[in-house]
Undergrad: 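A single structure is presented below for examination.
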Amino acid sequence: MNTQTQTQTIALITGGSRGLGRNTAESLARRGVHSVITYRSRADEAHKVVAAIQAEGGQAVAVQLDTAATETFDAFAGKLKGVLRETWGRDSFDFLVNNAGTGFHKDIADTSEADFDTLVAVHLKGVFFFTQKMLPLIADGGRIINVSSGLARFAWPGTAADAMMKGGIEVFTRSLAKELAPRRITANTVAPGAIATDFNGARLRDNPDMQRAVTQMTALGRFGVADDVGPMIASLLSEDNRWVNAQRIEVSGGMFI
């Protein structure tokens, strides 16, 4: 077993193999925070993230997780306990970043019940019960960040179902902050605006027309990139922001203001 001291800070980031999750893990690593990142199917991409962090002198471990499969959460918790003990000599971690998600874009009239149920499983039910399962493993004084979306504030055609899930997560976050206060665990929501990654079929990254539209409606005059969000999450998890709790923080460059 690794006998490193418990002064090391450890984050668990779901969906950490790409996009915002990867950028968050790398941003935390630059601040000396170690990470367990989860991936659903792309083990190769997850291991690239681990290798990149290790190359810079940090520590990270990748563990498979399907956040829609609540029946697997007990097994994941058991595996996570083993990883924490073997890698860091700990029985807990400090930060939970619920980032994993799937892209979806259909008008209300075209959204099927199966579509809706899939979104609930990943973005709402999965986040609720995964967080519940992780609560015994989060150290007192730890932090939880749930990733939402600017869509919970403004409307965009084809996003109603997804936005509903994010709205629910923002309410859930406030309840977490209230209930976990006796353990000094804070909970906040980070709501990115339009970010150019491979998420949602790279709709923004590979679409010049959408890029122009987003640029025109954003105060800072451009669309976002992953590096606009990961460092912000890392800073929110720092001791400098210890008094921020139960808040929704939008990272959108000023969309629709």
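Predicted model, so just to flag it, every value in this text is computed and none were measured.
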Undergrad: Return yes when atom CE of M217 has more than 12 non-hydrogen atoms of other residues, nucleotides or ligands closer than 6.0 Å, and no otherwise.
TA: yes
Undergrad: Quick one, I37 with R22, criterion side chain to side chain contact (heavy atoms under 4.5 Å, CB included). Give me CA distance, side-chain angles, the key distance, then yes/no.
TA: CA-CA 8 Å; I37 64 169; R22 173 173 185 160; over 6 Å; no
Undergrad: How about V33 and L237: do any of their side-chain heavy atoms sit closer than 4.5 Å?
TA: no
Undergrad: Using side-chain heavy atoms (C-beta onward) and a distance below 4.5 Å, is V50 in contact with I53?
TA: no
Undergrad: Is any side-chain heavy atom of H123 closer than 4.5 Å to a side-chain heavy atom of M164?
TA: no
Undergrad: Parallel under 30°, tilted from 30 to 60°, perpendicular over 60°: which one fits the rings of F154 and F256?
TA: tilted
Undergrad: Assess whether a salt bridge exists between E86 and K79, defined as any Lys/Arg side-chain N lying under 4.0 Å from an Asp/Glu carboxylate O.
TA: no
Undergrad: Stepwise, does the side chain to side chain donor-acceptor pair (under 3.5 Å) test hold for S27 with R30?
TA: CA-CA 5 Å; S27 296; R30 288 192 287 272; 3.2 Å; yes
Undergrad: Distance check, rounded to the nearest 0.5 Å: S235 atom OG versus N241 atom CG?
TA: 5.5 Å
Undergrad: Take T189 and S148, measure what side chain to side chain donor-acceptor pair (under 3.5 Å) needs, and give me the verdict at the end.
TA: CA-CA 6 Å; T189 300; S148 178; over 6 Å; no
Undergrad: Taking the basic N atoms (NZ, or NE/NH1/NH2) and the acidic carboxylate oxygens, is any pair closer than 4.0 Å for R85 and D91?
TA: yes
Undergrad: Tell me which donor-acceptor pairs under 3.5 Å the side chains of residues 61-68 have, and how far apart each pair is, sequence neighbours excluded?
TA:
{"unit_1": "Q64", "atom_1": "NE2", "unit_2": "R40", "atom_2": "O", "d": "2.8"}
{"unit_1": "D66", "atom_1": "OD1", "unit_2": "A68", "atom_2": "N", "d": "3.0"}

Undergrad: Could you measure the distance from the NZ atom of K81 to the CZ atom of F93? Nearest 0.5 Å is fine.
TA: 11.5 Å
Undergrad: Do other residues, nucleotides or ligands put more than 12 heavy atoms under 6.0 Å from the NZ atom of K106?
TA: yes
Undergrad: Determine whether a donor-acceptor pair (N or O, by modelled atom type, separation under 3.5 Å) exists between the side chain of H105 and the backbone of P157.
TA: yes
Undergrad: Have a look at T131 and tell me which of L180, I144, I138 forms a side-chain contact (heavy atoms from CB on, under 4.5 Å) with it.
TA: I144
Undergrad: Verify side chain to side chain donor-acceptor pair (under 3.5 Å) between D115 and S112, making sure each step is shown before the conclusion.
TA: CA-CA 5 Å; D115 290 332; S112 69; 3.0 Å; yes
Undergrad: Who passes ring pair (Phe, Tyr, Trp, His ring centres under 6.0 Å) against F76, sequence neighbours left out?
TA: F130
Undergrad: Take atom CD of E56 as the centre, draw a 6.0 Å sphere, and report whether it contains more than 12 heavy atoms from other residues, nucleotides or ligands.
TA: no
Undergrad: Please determine whether a side-chain nitrogen of the Lys or Arg among R18 and E45 lies less than 4.0 Å from a carboxylate oxygen of the Asp or Glu.
TA: no
Undergrad: With a cut-off of 6.0 Å (strictly less than), are more than 12 heavy atoms of other residues, nucleotides or ligands near CD of Q132?
TA: yes
